[in-house]
Amino acid sequence: MSTVFRSYRLQGYIPLVILHIAVGILVYSFGGISKFLFMGIMGYFLIRVFLKGNRNDEVLIAGGYIMGYEVFSRMTGGALTYEFAKYAVILFLGIGMFFKGFNRNSWAYVFYILCLVPGILFSAMNLDYFTNVGNAIGFNLSGPICLGISALYCYNRKIPFQRLQNILTAILLPIIATTTYLYLYTPDLKDVITNTESNFATSGGFGPNQVATVLGLGAFILFSRFFTIKDRLVNVIDLVLLGLIGYRAIITFSRGGVYTAVVCALAFIVIYTFYSNQRNRLTLFPKVGLIIGIVSISWIASSINTMGFIDKRYANQDAAGREDEDITTGRVDLLDAELEAFYQNPITGVGIGKVKEFRFQKLGDVAASHNEVSRLLSEHGSFGIAALLILIIAPLVFRVRNKTNIYFYSFFLFWFLTINHSSMRIAAPAFVYGLTLTSIIHGPPKNSLHRKPTLPA
């Protein structure tokens, strides 16, 4: 096992980090290059997948990278369409199933996808005349379909632990480019922070919620690497990156992504401790203490540079220090409106995209939903309930039979928490959900399903 965790420098991790820092600088300096860069990335991965025939699950590397790149592409004008990254993930995983098929025991996710189909019919029937039905369906259904395809491809797919680490690295690298861009975009915070609301200026001019989500995911990946990779130089680099990415996640003033990263880290450390040998457990507390120190430095820096506004934000106070009565920043009203739509249409729902119109009629607000759970209920009715039950129960049943993935609970919690504060606006929760269903090989393949996962000495 030790060779799995000591090979990252030889595989070019450090040059790749430097390259992606350069990408962030390049895109900031020449904004128009972003779209061409994204097209080049797509072309590179397509060629790589077809040349290698997806022998080593290259489609998961491609899907992970594009998922990590999605927010950066939107932020810098590189996305060909707003939902293009989700479609690209669907494309790559579809190609992967063409080469390697999918597990016949994943039938629950076929049923999940079928549960989404009636909503298309009711959407066509119920949407207002002037609403673009195709856009409404594409915007609201691309995320759930992306999740279904990810689950179908990943279900009980046996991959070595090193390959899973490579997939996580592929997700991390574009997040490093995103972070570099953010530091260049807002070098002086004092000019852009005047209150405790989510801040677009500190988020690259893009949605703070989505930016905080991917930065939080990047921070969690770096956190887990500190325990699973035995290379001191790489560990030092990862700790520095953790501090830098964590700082940028905090100063978006969007709390959901930060809280989610913390919960995922706690879940990971519990499972890691359970599967660790005695030697690893002895080093656990010093490592956790070091990470707490890094995170504390990031927090202190954010507090100083935001003139204390970030402290008020996490204390649920406004700029004047008054307690904010609604900790959800108006999301409860959106949730109530969506639940009311479900109560009025419990069987069929109102149709895909229709809840936005329903919400405008009730609240006079066209704000998009932040909660995928309530959106499933309101737009799909009883079919949405069935779909949600599948998404929650199926991986838990899978976990009972297969305990090889030490990331299982972290990935599952990332999906569930993210869809409750950011819906499925980005591909991240869909793709990460799929990774919960992988079967990790921790030794010779013939023994992989019968051995307790082991960690490096």
Side-chain angles (χ1 to χ4, degrees), residues 67 70-71 86 112 115-116 119 139-148 150-151 198 207-217 219-220 249 252-268 313-314 316 324 326-343 349 352 355-356 359 363 365 367-381 383-396 407-436:
M67 179 270 281
E70 179 180 17
V71 170
K86 296 175 189 174
Y112 158 77
C115 286
L116 303 176
F139 179 80
N140 291 285
L141 209 56
S142 56
I145 292 295
C146 183
L147 186 151
S150 297
S198 295
N209 188 287
Q210 298 175 44
V211 174
T213 296
V214 295
L215 293 181
L217 177 59
F220 165 70
T252 62
F253 282 75
S254 181
R255 295 166 292 188
V258 176
Y259 285 145
T260 297
V262 171
V263 172
C264 292
L266 291 174
F268 178 84
R313 173 66 169 174
Y314 278 81
N316 197 39
D324 192 340
D326 182 9
I327 193 174
T328 67
T329 59
R331 295 180 186 181
V332 169
D333 292 334
L334 298 176
L335 178 64
D336 287 342
E338 292 184 343
L339 291 178
E340 185 176 345
F342 169 68
Y343 298 148
I352 299 170
V355 73
K356 190 173 183 179
R359 195 162 48 237
L363 303 176
D365 187 357
S369 172
H370 290 79
N371 192 302
E372 188 68 16
V373 174
S374 60
R375 194 193 67 78
L376 272 174
L377 298 181
S378 61
E379 295 188 351
H380 297 269
F383 297 100
I385 294 176
L388 184 61
L389 289 175
I390 290 170
L391 295 182
I392 294 174
I393 295 174
L396 297 176
Y407 283 91
F408 175 88
Y409 289 106
S410 296
F411 289 162
F412 185 76
L413 286 168
F414 176 82
W415 162 74
F416 186 75
L417 294 176
T418 299
I419 67 169
N420 276 279
H421 75 78
S422 188
S423 194
M424 296 192 72
R425 298 177 179 181
I426 57 178
F431 186 83
V432 171
Y433 180 94
L435 294 181
T436 66

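Just so it is clear, the structure is predicted and the values come from calculations on it, not from any experiment. In this chain, residues are counted from 1 in sequence order.
When every heavy atom of Phe411 is checked against every heavy atom of Thr436, the shortest pair comes out as CB-CG2, 3.1 Å. Closest of all the heavy-atom pairs between Ala249 and Ala212 is O-CB, 4.4 Å. Nearest heavy-atom pair, Phe220 versus Ser410, reported as atom, atom and distance to 0.1 Å: CZ-CB, 3.4 Å. Ser150 and Phe431 get closest at one heavy-atom pair: OG-CA, 3.8 Å. When all heavy atoms of Ile352 and His380 are compared, the pair lying nearest together is CG1-CE1, 3.7 Å. Looking at every heavy atom in both residues, Ser254 comes nearest to Pro208 through CB-O, 3.6 Å.
For the pair Tyr259 and Leu417, the minimum side-chain heavy-atom distance is 4.5 Å or more.
Side chain of Arg313 to main chain of Arg255: no donor-acceptor pair is present (N/O by atom type, distance under 3.5 Å, no hydrogens or angles). In terms of modelled atom types and a separation under 3.5 Å, the side chain of Ser378 and the main chain of Arg375 share a donor-acceptor contact. Of the possible donor and acceptor atoms, none in the side chain of Asn209 sits under 3.5 Å from a partner among the backbone N and O of Gly256.
No more than 12 heavy atoms of other residues, nucleotides or ligands shown are found within 6.0 angstrom of CZ on Phe383.
Classified by interplanar angle (parallel below 30°, tilted 30° to 60°, perpendicular above 60°), the ring pair Phe412/Trp415 is tilted.
To the nearest 0.5 angstrom, Thr260 atom OG1 is 11.0 Å from Ile419 atom CD1. For the atom pair CD1 of Ile145 and OH of Tyr112, the computed distance is 6.5 Å after rounding to the nearest 0.5 Å. To the nearest 0.5 angstrom, Leu141 atom CG is 10.0 Å from Met424 atom CE. Distance check: Leu377 CG to Glu372 CD gives 10.0 Å after rounding to the nearest 0.5 Å. Taking OG of Ser423 as the reference point, atom CG of Leu376 lies at 8.5 Å (rounded to 0.5 Å). Arg425 contributes atom CZ, which lies 12.0 Å from atom CD of Glu70 (distance to the nearest 0.5 angstrom).
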Do any side-chain atoms of residues 384-392 form donor-acceptor pairs under 3.5 angstrom with protein atoms, and if so which ones, sequence neighbours left out?
none

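A ring-centre distance under 6.0 Å is not found for Tyr409 and Phe416.
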Checking Met67 against Ile426 for the side-chain contact (heavy atoms from CB on, under 4.5 Å) test, could you report, in this order, the C-alpha distance in whole Å, the side-chain angles of both residues, the deciding distance, and whether it holds? CA-CA 8 Å; Met67 179 270 281; Ile426 57 178; over 6 Å; no
